[in-house]
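Predicted model only: the values in this text are computed from it and were never measured. Residue numbers begin at 1 in each chain, while the letters A, B, ... track the order of the sequences.
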Amino acid sequence: MKIVPGSPFDTSEKPLPKEVILNLEKYYHLNDPFLVQYKTYIWNVLHGDLGPSYLVRGRTVNDIIKEHFPVSFQLGVLAFLIAIVIGIPLGIISALKQNTLIDYICMFFAISGVSIPHMTLGPLLIWIFALKWDILPVARWGTWQQAILPAFALGIGSAAIIARLTRASMLETIREDYIRTARSKGVSEKNIVIHHALKNSLIPVITILGPLFAGLITGTLVIEQIFAIPGMGKFFVQSVTDRNYPVIMGTVLLYAVILVIANLVVDIIYFWIDPRIKYS
Amino acid sequence: MDAFLRLTKNKMAVVGAIFIVFLVIIAIFAPYIAPKDYSEGNFIDNYAKPGDDYLLGADFMGRDVLSRLIYGTRISLSVGFLGAFIAFILGVTYGIISGFYGGQVDEIMMRIVDIFYAFPTLLLIILLMVLFKSNIFQVAINNIFIQTIIKIDDAWGGLFFIMIGISVTSWVGMARIARGLTLSAKEKEYIQAAIATGNNTFRVIFRHILPNIIGPCIVTVTLSIPGFIGTEAFLSFIGLGVNPPTPSWGIMISEGYKAMQSYPHLALYPGMILALTMLSFNFLGDGLRDALDPRMR
């Protein structure tokens with residue numbers, strides 16, 4: 001990343017005096033050898049200090065994360081819940097009614113959901129719910145009404161992915177022998193789905209939930225811009241254009257940690273949902 | 001021919017294909033179709049409502065939205081098709097060589113792929129764009145080669161560097177798929193027979209392996225086109241894409257949503273077109289997959 005030419009103190013319009021730049025570089029230890037910089041960075045990170053932001057004096061990466069990450073996190077969790085609540089039932093229903101009209105409608109929704117990008121869905125939802133019907137606020141963040149639209153705009157794409165996967169794995173599961181056995185024993189269709197098929201068909205779905213969750217928390221950039229939400233997204237791009245090294249490293253590190261935790265949780269859920277899976 | 005017949009039976013795929021052909025025609029004949037110039041606005045007509053003079057209204061600089069949409073088709077489609085083309089050629093060549101020779105060659109080539117794979121795609125593209133678009137880079141490296149490239153990029157309205165950014169990251173997945181397919185094809189009897197009867201390597205690869213692995217590769221590449229189009233729109237949306245007077249759907253959305261409350265159509269039209277285009281490619285890709293590989297049903 002530091003190989004990319006340019007420094008955080010390049011300004012195209014009004015160049016800073018040379019002395020000021022030298023002082024700034026000294027203040028932030030940018031003149032030390034690369035390996036020394038790396039060592040101090042790792043040492044500081046291990047002590048919970050992600051370093052300063054070069055853009056505003058006195059503001060640290062920790063401050064930025066503390067202030068803006070909770071917003072992104074809430075939005076991501078909401079979108080995630082929406083994705084699950086919509087996606088899994090849709091997938092199950094369309095699998096049980098395979099090749100009927102309901103199935104086609106559900107799958108049309110799923111393909112559309114996968115194809116429609118956030119930057120289309122955001123304005124579309126605003127237009128319908130905030131401008132035409134005037135039942136929800138247009139933008140900003142704070143009350144629960146303001147959370148609904150962005151959460152849906154973010155979650156529907158993932159709901160579509162979950163629905164497709166659930167349908168495929170449910171179709172596979174209900175053709176298994178033990179389902180036929182349960183049926184011939186006279187178990188009701190509802191019980192078969194809930195007790196026999198559901199848990200087994202959810203395993204591949206849960207596998208992608210981890211990365212999906214991390215993606216929802218991190219991929220909020222466009223939605224945050226459209227809905228004017230003060231989240232982490234904009235720092236990600238801004239810091240790269242500004243060469244604000246500690247902020248880039250801090251955000252990437254944060255996302256990596258989230259991904260690792262999400263995958264760990266997925267592994268634990270595996271164990272709970274299917275006791276046959278053992279880790280030795 | 002069989003596959004083509006199966007494809008035409010799939011209604012959604014046909015609709016998608018027709019829409020794509022329609023877009024291609026629009027993109028080619030853009031100067032003849034567009035009613036107005038895409039970059040010159042008339043400041044009296046700022047935010048003109050859709051009506052007689054401007055069929056789909058005008059944007060914040062009084063530029064005709066319809067004309068900008070039509071020219072934007074060129075940007076999105078060329079990113080989609082060129083990105084797919086580069087990913088396809090690079091990825092398939094790389095994958096076949098790696099899979100066919102196997103052993104040490106395979107080992108080294110796949111580790112290189114792993115290195116590319118390890119980068120977060122979006123971060124890499126953003127970094128590349130920042131690098132290419134920065135003045136420092138363009139001034140610092142002052143030789144004829146770089147200058148020519150920058151001129152090409154300007155002539156394309158900033159598209160060239162987006163293509164590089166997308167190509168660098170997109171061929172990797174293709175290479176993996178092509179390698180896997182080659183590995184499994186190589187073990188089949190007819191390939192063994194082809195080698196045993198003394199065909200040289202090129203002939204085996206082009207006549208026997210390539211036709212057998214090309215189907216899934218085409219499907220993958222078709223399904224990756226909406227991704228490329230989306231990436232370009234995303235980059236333009238955050239301001240790292242095409243250079244401003246060039247009309248890209250992403251830029252139009254990002255300019256449009258700022259005036260969302262008063263003029264929602266500015267963000268909605270490009271958004272709709274973008275979504276429809278991506279949807280069509282997805283339908284076509286799904287249709288192709290079903291047609292080329294009936295076992296997947």
Which atom pairs, one a donor and one an acceptor, fall under 3.5 Å between side chains of residues 153-165 of chain A and the rest of the protein, sequence neighbours left out?
{"unit_1": "A:R164", "atom_1": "NH2", "unit_2": "B:D286", "atom_2": "OD2", "d": "3.0"}

Considering only heavy atoms, which portion of [X] lies under 4.5 Å from any heavy atom of chain A: side chain, backbone, both, or neither?
{"X": "B:I253", "value": "side chain"}
{"X": "B:F234", "value": "both"}
{"X": "B:M12", "value": "side chain"}

Show the numbers, then the answer: is there a side chain to side chain contact (heavy atoms under 4.5 Å, CB included) between B:M278 and A:I116? CA-CA 7 Å; B:M278 290 168 74; A:I116 297 178; over 6 Å; no
For B:R176, enumerate each residue passing the side-chain hydrogen bond (donor to acceptor under 3.5 Å, both in side chains) test, keeping only those at least two apart in sequence or located in another chain. B:D114
Any idea which of B:L274, B:L276, B:T277 has the most non-hydrogen atom pairs under 4.5 angstrom with chain A? B:L274
Parallel, tilted or perpendicular: which one describes the rings of A:F213 and A:F73, with boundaries at 30° and 60°? perpendicular
